[in-house]
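Heads up, the thing below is written out as structure tokens.
The sequence lines fix the lettering, A, B, ..., with proteins before strands; numbering per chain opens at 1. Because the structure is a prediction, the values reported are computed rather than measured.
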Amino acid sequence: MAEHVILFAGPMGAGKTTAIESLSEIETIRTEATNTDRETADKDTTTVALDYGEITVSDEDKVRLYGVPGQRRFNFMWTILKERAVGLILLVNNDAADPIEELDAFLEEFGELHEKGGIVVCVTRSDVAPTPYLDKYAERIREVMPGRMIPVFTADARNADQMRTALMSLIANIEMTAMIAGNQERAA
Amino acid sequence: MGFVTKARHSLGLVGLSPIECAKIATFIESEAEDAGCPWLVLHSDSCDALIVPSDVEFSADPYQVLIRLVRFGNQPIDGELCITTPLSAAELINILKKAQDNLSTRSRSNDVAPMKVKMEDWGAVPANDRHHVPAGFGTPTPHHMTNGSAALKTEAWPVTADGSPHPATQPSAMHAPVQQPHPVAPPQPVTANASHGDAHEFSAAWDQIAVALYSIVQNSAPAVAEIRVENLDMIRIDFRFRAYNSRIPLEQVAANGSRIAIRSTLVEAFRPPIVNLPGESLDKLFWFIGSQAFHGTGAPWLKPEDRYRLRRWPNFTELNHAVADMRAAAAIGNCFLNAAELASAAGISVESATRTLNAYSLMGLLEIQTDKTAAPATFKPPAQKEGGGGLFSKLRTKLGL
Amino acid sequence: MTEQVSAHKDPVVIAFANEVLDGFSDVCRSLRYATFLTDDGFEVASIAGDEKQNRRVASMASSMQALGDAVAKDLRIGGAEYIIIAAETGYVIQMRVPEHAMVLAAHFDAAETVGKALSVVRLAASNMRTLVRDKAA
Ligand SMILES: Nc1nc2c(ncn2[C@@H]2O[C@H](COP(=O)(O)OP(=O)(O)OP(=O)(O)O)[C@@H](O)[C@H]2O)c(=O)[nH]1
Ligand SMILES: [Mg+2]
């Protein structure tokens, strides 16, 4: 069976757990603990190990969705979960104190996943905080990862359709880059 | 009238006063079409023909016809096409006919589509993100910007003002931001569709709307516009905030009626928005119009020999998109392609690929390949296709998309 | 309402935790180090270990506790009471402080029997619960 591990990363409260919940076909596995850091994200619980969900595509294919904890204290989980991933959906909540800085930090940590497959950035909670605008994200991505095409969307993690668009775009981009690389190899 | 009205050439007004602009637009509306020379007046200095005051230093591109406006007290320049103030309709039409002859002899030599709007280097233009505050925001507007209009048809709606001061300078600008309605299409819905045999065919008038919108965006100066359908202000656009409001869903707007006009004007940066913010993202409108207009042929500002690449992905979550669009974006996001190459890479028809390019360019998402010697991108459809396709296709089936 | 202050920032709770940990090391010589942590992985108090190490243990223990809970929940066998990791030269036991969003993680060397270690951990967790509950009352 071919396994496709897609990782969901991003700052605390960006909506990783929510996004996996929106996409998963099975009851998700969660590791939520009572949140004591209300300043960073005002919500009851926070992920301390991982989230897990899946979509069974066919007899041979399963898409495994893993969410990491957003808080850096848990970065040992980042290392563990990064290992098997072939794609990343990076969620950044627009209402974070400095969302562009968060984008930067997470691209630094997870940017290597672009080489392993691909990355899509989803800006969440833009209904709560309308700025920064999407082009600021696109601009920063161009700066820190020049020459890479990383789709950027606004998305509500609670909206399954929008999260599907992000997931499908990620996969389309992964397959297309593989195809282009294949063609270039053949040409060379 | 048995033929479908369609502008053959675009006319740019550069450095003219608002009153001069208004007069020219009105003359063209009232006279030009009947005289057999319909023109599309644009906010752009990259049109087929330009009217520029004789005392303004200006060099036109080789493809352009330059017409000099000789104001009172100035001398005509030898060997150039001129019109003199006070402007008269007859003189204007006369000179436009000459310009038209001029252009048609030029185009006959290389047999290309006549109406041209140059695609600027997008690097200089702010990305079309939603509610983007344009570079010109709060700074003086470029002097060559004019009141733009897509003026093609003789039967104008009641003209609210003629030669009155620039609306943006009036306190009432907020409520009546645009003047001089310029109907784009004649009130003859069936004629426009007949030749295509498709009741849902986007009216040709939208082509002109697309060109007008494109030229406004190209100028990246603070502007507002209003698209009227059957005399109703249907869509309000505030380019400063990259936002629009529409009375009814876009699909219905397009299906509704044939008398379509766009009116636009510059507006000072500090004026209140003419849309209810946040409104809808302008990209949504551009995506819609761009992919519907031009009947699946290339937009006039795109060159068939050029290749394009995405500067960034469209924000699909806010666009009415199909799954195939993601594949197309993935293809053109990763290499420079023309319409045929895009079609083969994404597994779509050349027509769809062309529509996609039209929309992306209107949205300001494309960059042009500068290295013309680069080898063309060739795509072999993925070999795995017979085996049920890749994960994308399977997931698409699975999710019922 | 004063309960709102989270454990790792509440000086009273921190003092209790230190008190319990002191008693803990007295009764059990094979204890290498121990940490009280919040469910979401903040260190409340520790004995031994350096600061950085303790913070890291707190995060990892919190992840582990949550994974244990997730497995138990998935198998529908109730909540995870304690978790033991046995390694070559020692083992780690972690246990939730009953009724509180807090966990005790303790590291013993191999000299101790698991049974003894488990019972002292249980005692320490229970003492902690009593102290915090009495404070609230
Ligand atoms: N208003 C609004 N709320 C959103 C949006 N996206 C997600 N949310 C909410 O934001 C919160 C996100 O919380 P989580 O899903 O726990 O975030 P997380 O990324 O898993 O956070 P950690 O696990 O703590 O790192 C949830 O309450 C969601 O319902 C959005 O676009 N708009
Ligand atoms: Mg989470």
Side-chain angles (χ1 to χ4, degrees), chain A residues 2 4 23 25 55-58 60-63 86-87 118 120-123 126-127 130-139 141-142 148-156 159-184 186-187, chain B residues 126-133 241-242 277-278 281 283 309-319 321-335 337 345-346 364-365 375 377-385 387-401:
Chain A
H4 312 273
L23 283 169
E25 276 182 343
I55 304 172
T56 302
V57 180
S58 67
E60 305 98 55
D61 289 278
K62 191 173 263 186
V63 178
V86 296
V120 163
V121 173
C122 288
V123 178
S126 56
D127 53 330
T131 57
Y133 298 128
L134 219 48
D135 61 334
K136 285 278 172 288
Y137 287 86
E139 210 170 277
I141 292 169
R142 270 197 296 277
R148 293 355 182 275
M149 180 46 73
I150 294 179
V152 192
F153 305 122
T154 52
D156 186 328
N159 183 321
D161 280 341
Q162 296 191 352
M163 292 319 301
R164 279 188 200 135
T165 293
L167 180 63
M168 292 295 282
S169 297
L170 174 67
I171 295 171
N173 213 15
I174 292 175
E175 289 189 352
M176 193 59 72
T177 39
M179 179 169 129
I180 292 167
N183 277 325
Q184 279 166 352
R186 230 170 296 145
Chain B
N128 281 0
D129 285 298
R130 67 184 200 154
H131 313 157
H132 188 94
V133 181
F241 300 94
R242 293 208 51 81
L277 292 178
S281 159
D283 272 357
R309 188 174 69 185
L310 279 181
R311 290 168 53 75
R312 70 159 178 79
W313 270 56
N315 186 15
F316 278 133
T317 53
E318 67 176 11
L319 304 177
H321 66 284
V323 182
D325 293 320
M326 298 184 215
R327 204 171 234 164
I332 199 165
N334 286 295
C335 43
L337 301 172
L365 295 181
T378 52
F379 282 93
K380 282 221 187 81
Q384 49 187 345
K385 213 153 207 176
L391 180 61
F392 183 85
S393 322
K394 289 183 197 162
L395 199 54
R396 169 188 196 164
T397 313
K398 163 82 193 193
L399 299 175
L401 297 172

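- Between the side chains of B/Asn315 and A/Thr154, at least one donor-acceptor pair of N or O atoms lies under 3.5 Å.
- Listed options A/Glu25, A/Glu139, A/Arg148 were ranked by heavy-atom pairs under 4.5 angstrom with chain B; first place goes to A/Glu25.
- In this structure, the side chains of B/Pro314 and B/Asp283 stay at 4.5 Å or more apart for every pair of heavy atoms.
- Atom OG of residue A/Ser169 and atom NE2 of residue B/His321 lie 6.5 Å apart, to the nearest 0.5 angstrom.
- For A/Val63, the part lying near chain B is the side chain, with the backbone staying farther off; criterion is any non-hydrogen pair under 4.5 Å.
- The parts of A/Val57 that come within reach of chain B are both its backbone and its side chain, each placing non-hydrogen atoms under 4.5 angstrom from that chain.
- Taking the side-chain hydrogen bond (donor to acceptor under 3.5 Å, both in side chains) definition, one finds that B/Asp325 meets it with nothing, sequence neighbours left out.
- Contacts of A/Ile55 with chain B are made by side-chain atoms alone, with heavy-atom separations under 4.5 Å and no backbone atom involved.
- Using a 4.5 Å cut-off between heavy atoms, A/Leu167 contacts chain B through its side chain alone, with no backbone atom that close.
- For the side-chain contact (heavy atoms from CB on, under 4.5 Å) test, residues two or more places apart in sequence or in another chain that qualify with B/Val323 are A/Met168, B/Phe392, B/Arg396, B/Leu401.
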